[in-house]
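No hydrogens, no waters, no symmetry mates; every other heavy atom, side chains included, goes into these values. Letters A, B, ... are given to chains in the order of the sequence lines, protein chains preceding strands, and every chain is numbered from 1. Not measured: the values here are computed from a predicted model.
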Protein chains: 2
Amino acid sequence: MILKTNRKSLVEQVAEQIEQLIEQKHWKVGDKLPPEMELIEEFDVSRNTLREAVRALVHAGLLETKQGSGTIVRSTSALDAALKRHVKKSTMLETLEVRLALEKQAAQMAAERRTESDLIDLEVCINNCKEASAKKDLEQFISSDIQFHKTVVAASNNQLLIDLYENMTEVLFSFVQDFMTIEPLFPFEQGIHLELFKAIQKQNKESAAAYVENDMEVLKESIIKILKE
Amino acid sequence: MILKTNRKSLVEQVAEQIEQLIEQKHWKVGDKLPPEMELIEEFDVSRNTLREAVRALVHAGLLETKQGSGTIVRSTSALDAALKRHVKKSTMLETLEVRLALEKQAAQMAAERRTESDLIDLEVCINNCKEASAKKDLEQFISSDIQFHKTVVAASNNQLLIDLYENMTEVLFSFVQDFMTIEPLFPFEQGIHLELFKAIQKQNKESAAAYVENDMEVLKESIIKILKE
DNA sequence: CCGCATTTGTTCGTATGTATC
DNA sequence: GGATACATACGAACAAATGCG
């Protein structure tokens, strides 16, 4: 499960391994890490070495330590943590605009490169949305909606784009979620899903981009409305 | 210049201050930091404390220490470092595509929001390019060209977009630079500059986006050509 | 509320390796 | 090669916060 360290600085090695274990979801966000003593045995290093590795990850924003309590996972990756911190200084609208930029490009690339498998994945998402809409299950609808957008981006086949989009979406989601519980803004709209799907299916770059732009415009208006309250 | 530390962990405070000083360009990338003893006096902390702060920043990718030589600045921010590491795992084309997404959106937003001051800045960049072109000064031309693109993005007035674009450009630039010295690909092209400027001036979103797309397509072809060799 | 075990935080010392002059 | 300074890793002791019975 846990490899013995080899060369390089021991601290770096331990930190890297912990980072990987987090990225690989062995320890998920919110989870409490095993106490120092256990980790010392597993990694077979001294307490100081382990503590320094942990401290590095704390500074990077991946972990958070609490005296007497334990160490918990805060972010899934260094990029994630850095983006979170950075995005916090930005406004929601700025984040939204960047997300639009990424998704628009992704939709165009998806239209060019989509495989049959991508189309099947998208159809599954659309059906999930319909299902949630029929059941009036808002939570499922939102998560299915997000999944649909992510699947579009995934079809772009550009990992960097996918990772950046993931972060923009996460921040936006946690923001929207706070207000969604008070008053659901989305009346289970899903027309755009089908239109965008068709555009990607027909490999029509321009209209794919247009639908994303349209969808985003609606979301933007909603957020502006929320912010004004 | 350098504030005395207050509360929190001393290490965190020192690390934060160093981080800020780097972000504020007090120490630029490539610069060598003052020797430990000087920093100890300036921050008024113990050697161990300072060393730990430096180590945290090394792990974050902002600094690099070399025994006997000293510590040098590697990145301008944590986001920068995290993106660099992430981008390294991506291909050049993926980076280029993300850059296109960001710049296209930025150009559209610039067309909408540009101020008179933005237009003046852009004109300066264009003139610098012309000048470099006349002098056949490739280095100046490239840096002026990059400056022009950055100025377009800056006119979008979206700080998050600006910061992300900065990173995409940096990586791309260091890549292009390696091959540029061997054989200059760009025959000092600058037609696009003027066209894009006019589109932004006239606040024509669509044609601004189109010019960026066009420009990027040319760059993409060049890079594909390089990669094939 | 107290006392205790658990867990992280801090600081010291020591040994060994390594770069530089 | 020797001397010096620095880096790395380990260990131990004590402090402080937390949670539980």
Side-chain angles (χ1 to χ4, degrees), chain A residues 1-22 26-76 78 81, chain B residues 4-19 22 27 30-75 81:
Chain A
M1 170 68 74
I2 290 174
L3 299 162
K4 288 281 179 288
T5 53
N6 261 339
R7 34 184 169 153
K8 265 192 187 178
S9 148
L10 268 186
V11 175
E12 284 300 315
Q13 290 178 58
V14 173
E16 234 168 70
Q17 285 195 46
I18 296 178
E19 214 169 337
Q20 278 182 17
L21 286 169
I22 292 173
H26 180 75
W27 294 316
K28 294 171 192 170
V29 174
D31 280 5
K32 191 146 69 174
L33 257 60
E36 281 179 352
M37 286 311 298
E38 277 184 44
L39 293 175
I40 287 170
E41 282 180 23
E42 288 192 88
F43 289 110
D44 194 30
V45 293
S46 78
R47 183 161 178 249
N48 274 333
T49 305
L50 180 84
R51 282 183 52 74
E52 238 181 299
V54 169
R55 185 173 247 174
L57 297 181
V58 167
H59 182 267
L62 271 84
L63 299 179
E64 182 179 348
T65 55
K66 275 186 186 170
Q67 198 177 161
S69 172
T71 307
I72 61 169
V73 180
R74 286 295 300 263
S75 282
T76 57
Chain B
K4 287 282 178 286
T5 54
N6 268 337
R7 40 196 158 140
K8 269 192 190 179
S9 149
L10 272 185
V11 175
E12 281 301 314
Q13 289 179 59
V14 174
E16 234 169 70
Q17 284 195 47
I18 295 178
E19 214 169 337
I22 293 174
W27 295 317
D31 280 5
K32 192 148 63 176
L33 258 60
E36 278 183 353
M37 285 313 297
E38 276 185 45
L39 293 175
I40 288 170
E41 281 180 24
E42 287 192 89
F43 289 111
D44 194 29
V45 293
S46 78
R47 181 160 180 270
N48 271 339
T49 305
L50 180 82
R51 283 179 48 74
E52 238 179 298
V54 169
R55 192 178 274 198
L57 296 181
V58 167
H59 180 267
L62 271 84
L63 298 179
E64 182 178 348
T65 55
K66 275 192 179 173
Q67 232 172 19
S69 168
T71 74
I72 61 170
V73 180
R74 284 295 299 263
S75 285

I'd like a table of donor-acceptor pairs (distance under 3.5 Å, sequence neighbours excluded) in which one partner is a side-chain atom from residues 31-38 of chain A, with atom names and distances.
residue : atom : partner : partner atom : Å
A:D31   : OD2  : A:K28   : N            : 2.9
A:E36   : OE1  : A:R47   : NE           : 2.6
A:E36   : OE1  : A:R47   : NH2          : 3.0
A:E36   : OE2  : A:R51   : NH1          : 2.8

Got a list of side-chain donor-acceptor pairs under 3.5 Å for residues 60-68 of chain A, not counting sequence neighbours?
residue : atom : partner : partner atom : Å
A:E64   : OE1  : A:R74   : NH1          : 2.2

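Residues satisfying the side-chain hydrogen bond (donor to acceptor under 3.5 Å, both in side chains) criterion with A:E16, sequence neighbours excluded, are A:K8. Under the side-chain hydrogen bond (donor to acceptor under 3.5 Å, both in side chains) criterion, A:S46 pairs with A:T49, sequence neighbours left out. B:S75 pairs by the side-chain hydrogen bond (donor to acceptor under 3.5 Å, both in side chains) definition with B:D80, B:K84, not counting sequence neighbours.
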In B/S/- notation (B base, S sugar-phosphate only, - none; protein heavy atoms under 4.0 Å), nucleotides 9-21 of chain D written 5' to 3' is SBB-B--BBB---

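For A:M37 and C:dT6, the CE to P distance is 12 Å, given to the nearest whole Å. Regarding B:H59, its NE2 atom lies at a distance of 13 Å from the P atom of D:dT8, rounded to whole Å. Rounded to whole Å, the distance from CZ on A:R51 to C1' on D:dT8 is 17 Å. Distance, A:L63 CG to C:dG9 P: 11 Å, rounded to whole Å.
Residues A:H59 and B:E19 have side chains in contact (heavy-atom distance under 4.5 Å, counting atoms from C-beta outward).
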